[in-house]
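In the text below, chain A, chain B and the rest are named by the order of the sequence lines, each starting its count at 1. Only a predicted model underlies this, so the values are computations on that prediction, with no experimental measurement involved.
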Amino acid sequence: MGKQNVGITVSKEEDFSEWYTQVVLKAKLADYAPVKGLIVLRPDGYSIWESLRTTFDKKFARNGIRNGFLPILIPESLLGKEQKHFAGFNPEVFWVTHSGTNEIGDRLALRPTSETLAYTLYSKWIQSWRDLPLKMNFWNTALRAEIKATKPFLRTSEFLWQEGHTVHSTKEEAEKEVIKILDIYKNTVEEELAIPVSTGKKSEKEKFVGAIYTTTMESIMPDGKALQMGTSHFLGQNFSKPFEVKFADKDNVEHFAWQTSWGVSWRLIGAMIMIHGDDKGLVLPPKVAPMQVVIVPIYKNDEGKNSVLSKVEEIQNKLESKDIRVHVDDREGMSPGYKFNDWELKGVPLRIEIGPKDIENQNIVVAKRYNLEKISLGFTEIEKIPIILDEIQTQMLKKAKEQTETITLNISDYSEFKSKIEKGGFFNSPWCGKVECEDKIKEETGAEIRVIPFGSENINQKCIYCNEQSVSTPIFARGY
RNA sequence: GGGAUCGUGGUCUAGCUUGGUAUGAUACUAGCCUGGGGGGCUAGUGGUCGCAGGUUCAAAUCCUGCUGAUCCCA
């Protein structure tokens, strides 16, 4: 077997973009579809998404949110009801104009997002304060035409996501919901994917079109570019008015409702690949890994094979009884070395090697993927495996946090800002709050306000661009 | 939005300038030997050169259109 095309052929350090694409394809998470900008998820990729979905569903349910399903086609007349929202999405909407050979009068959009459709229904379902709050979530795909620069998971014309839409009788309750969701997002991403995030608000310029304000979580990738990991919007009454989502309150006066919408997409998978992967390929956090442990049996002859395989089976059963996802690689005709590399490419968190030597010594060899460390465990120490997996999960988050810290800089001088932006990173820099400065910074450096972190309000500094009094210290970065 | 490069068995690739139905590696299948970090030998399978059209006796090669991918800049 040759190694030239099987593994990753470039280093993460030297050619990040190419490295990323190779990891996605070679670890068999996804492949390109025959249509531009679309990808296909393979079992290992989809399994990670399913794992995230399961976690989110549990947390949503605990918060009183239930799942529903919405169709993919939205008539133009509905999509156009909230003008700013429509104008924002229009350039990237796919349109269905024909059914068979007949032209469709009110052409149909492939949903870029479902606010307009959901709220048309909500206005039917809500009449009284007793119908509120209404909290629903939808697992589906959204379609937004990406003409250029597509990249698996990060920028595709169709993407898997969840979109939540809630309706409340008061502004306060809706705003609390916005934050509650952002919290769920943050702790899920940090606990499951081991990716640190910064949360806060988007600037006026960067907020969701149609929202009063947008809260967001952002992460910095190893190449110094920021990635939006999820957003939770306070819609106010911007949609409830045009869509007539209203209710009779206890005093029998009719009010427009207060709404939120929020979503995360499979971009999270892209972030996980970028943050944790290395030159050998994917590195999966144990919690979302489709296989947490792979066992590679090693033997020379039938006699050795039998004793090794019976031990392997015993260990497999022991681990499965502790709800560990185990796979035994009993493929014949492949050398152990080939298998080691293969599973490292696919990012399995722990590999167990068992051969004649180990049977003799009453131990197993355990290799950790995230740091490539190998340790020996006695046969009686198998129950330590779940603990080791937990440690790996913790260590991966720690490592990612350290990485984030090293590329997060406090910069209050604009010339320093400009000279360092080429290398990328999160820049904490004071800002006066004016969109003119934001625009100029974007124009001159390519960096934008990714997030204005909660608690970053401050009036004691000078705007990095115009030197006037600051209102906050946002995180600036170039983005994906 | 602007620019550049590219598309040949599953994968990577030679051939293209100077037209004559395709090179090598790897993968895959079978057998034997091997087996603790991408093994060896032997014998096989697999493509009609991204798609459509044009020029020609003849097109992977020349021309046109389309499509897809990658990278750089805004």
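- Relative to the side chain of A:Lys374, the nucleotides B:G37, B:G38, B:G35 differ in distance, and B:G37 lies closest.
- For A:Met334, the listed nucleotide lying nearest its side chain is B:C28; candidates were B:C28, B:G36, B:G37.
- Just one of A:Leu154, A:Asp223, A:Asp15 meets the side-chain contact (heavy atoms from CB on, under 4.5 Å) condition when paired with A:Tyr20; it is A:Leu154.
- Annotation: A:Glu444, atom CD; neighbour count of heavy atoms from other residues, nucleotides and ligands within 6.0 Å is above 12.
- The CG atom of A:Asp330 sits 19 Å away from the P atom of B:G35 (whole-angstrom rounding).
- Summarising the base pairing, B:G38 is matched to no nucleotide, lacking a Watson-Crick or G-U wobble pair whose two defining distances lie under 3.5 Å.
- Two rings, from A:Tyr213 and A:Phe208, have their centers 6.0 Å or more apart.
- In this structure, A:Gln362 places its CD atom where more than 12 heavy-atom neighbours from other residues, nucleotides or ligands lie under 6.0 Å away.
- Look at the C1' atom in both B:G44 and B:C49: the space between them is 24 Å, to the nearest Å.
- Remark: the separation of the C1' atoms in B:A30 and B:U45 is 11 Å, to the nearest Å.
- Atom pair A:Ile8:CD1 and B:G38:P shows a separation of 18 Å (rounding to whole Å applied).
- Judged by the 6.0 Å and 45° rule, A:Arg351 forms no cation-pi pair with A:Trp343.
- The distance between the ring centers of A:Trp266 and A:Phe153 falls below 6.0 angstrom.
- Separation of the C1' atoms belonging to B:G9 and B:G24 is 13 Å when rounded to the nearest angstrom.
- Summarising the base pairing, B:A59 is matched to no nucleotide, lacking a Watson-Crick or G-U wobble pair whose two defining distances lie under 3.5 Å.
- Electrostatic pairing of A:Lys401 and A:Glu405 does not count as a salt bridge here, judged by no charged N lying under 4.0 Å from a carboxylate O.
- One interatomic measurement links the two molecules: NZ of A:Lys305 to P of B:G36, which rounds to 16 Å at whole-angstrom precision.
- With a 3.5 Å ceiling on both atom-pair distances, B:U48 lacks any Watson-Crick or G-U wobble partner.
- For A:Asp342, taking side-chain heavy atoms from C-beta onward, the closest of the listed nucleotides B:G36, B:G37, B:G38 is B:G38.
- Only the C1' atoms considered, B:A59 is 9 Å distant from B:U21, to the nearest whole Å.
- For the OP1/OP2 pair of B:G39 and a distance below 4.0 Å, the side-chain nitrogens and oxygens of A:Ser335 include at least one atom meeting the criterion.
- In this entry B:U29 has B:A43 as its Watson-Crick or G-U wobble partner, both defining distances falling under 3.5 Å.
- At the heavy-atom level, A:Val365 lies under 4.0 Å from base atoms of the strands shown.
- Residue contacts shown for A:Gly304 are absent, as no nucleic acid heavy atom lies under 4.0 Å away.
- Between B:U67 and A:Lys36, no contact under 4.0 Å exists linking OP1 or OP2 to a side-chain N or O.
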Write down the protein N/O and nucleotide N/O pairs, taken from nucleotides 70-74 of chain B, whose separation is under 3.5 Å; answer none if there are no such pairs.
{"residue": "B:U70", "atom": "OP1", "partner": "A:Tyr32", "partner atom": "OH", "Å": "2.5"}
{"residue": "B:C71", "atom": "OP1", "partner": "A:Ser17", "partner atom": "OG", "Å": "2.7"}
{"residue": "B:C71", "atom": "OP1", "partner": "A:Lys151", "partner atom": "NZ", "Å": "3.0"}

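- Across all strands shown, B:C6 forms a Watson-Crick or G-U wobble pair with B:G68, both key distances being under 3.5 Å.
- Spacing between B:C66 and B:G47 at atom P, rounded to whole Å, works out to 31 Å.
- The base of B:G36 has none of its N or O atoms less than 3.5 Å from a complementary donor or acceptor on the side chain of A:Lys339.
- Here the CD1-NE2 distance, from A:Ile295 to A:His327, works out to 10.0 Å after rounding to the nearest 0.5 Å.
- The interatomic distance linking A:Ile352 (CD1) with B:G36 (C1') rounds to 15 Å, in whole Å.
- In this entry B:U21 has no Watson-Crick or G-U wobble partner, no candidate having both defining distances under 3.5 Å.
- Counting any heavy atom pair closer than 4.0 Å across all strands shown, A:Lys280 reaches a base atom.
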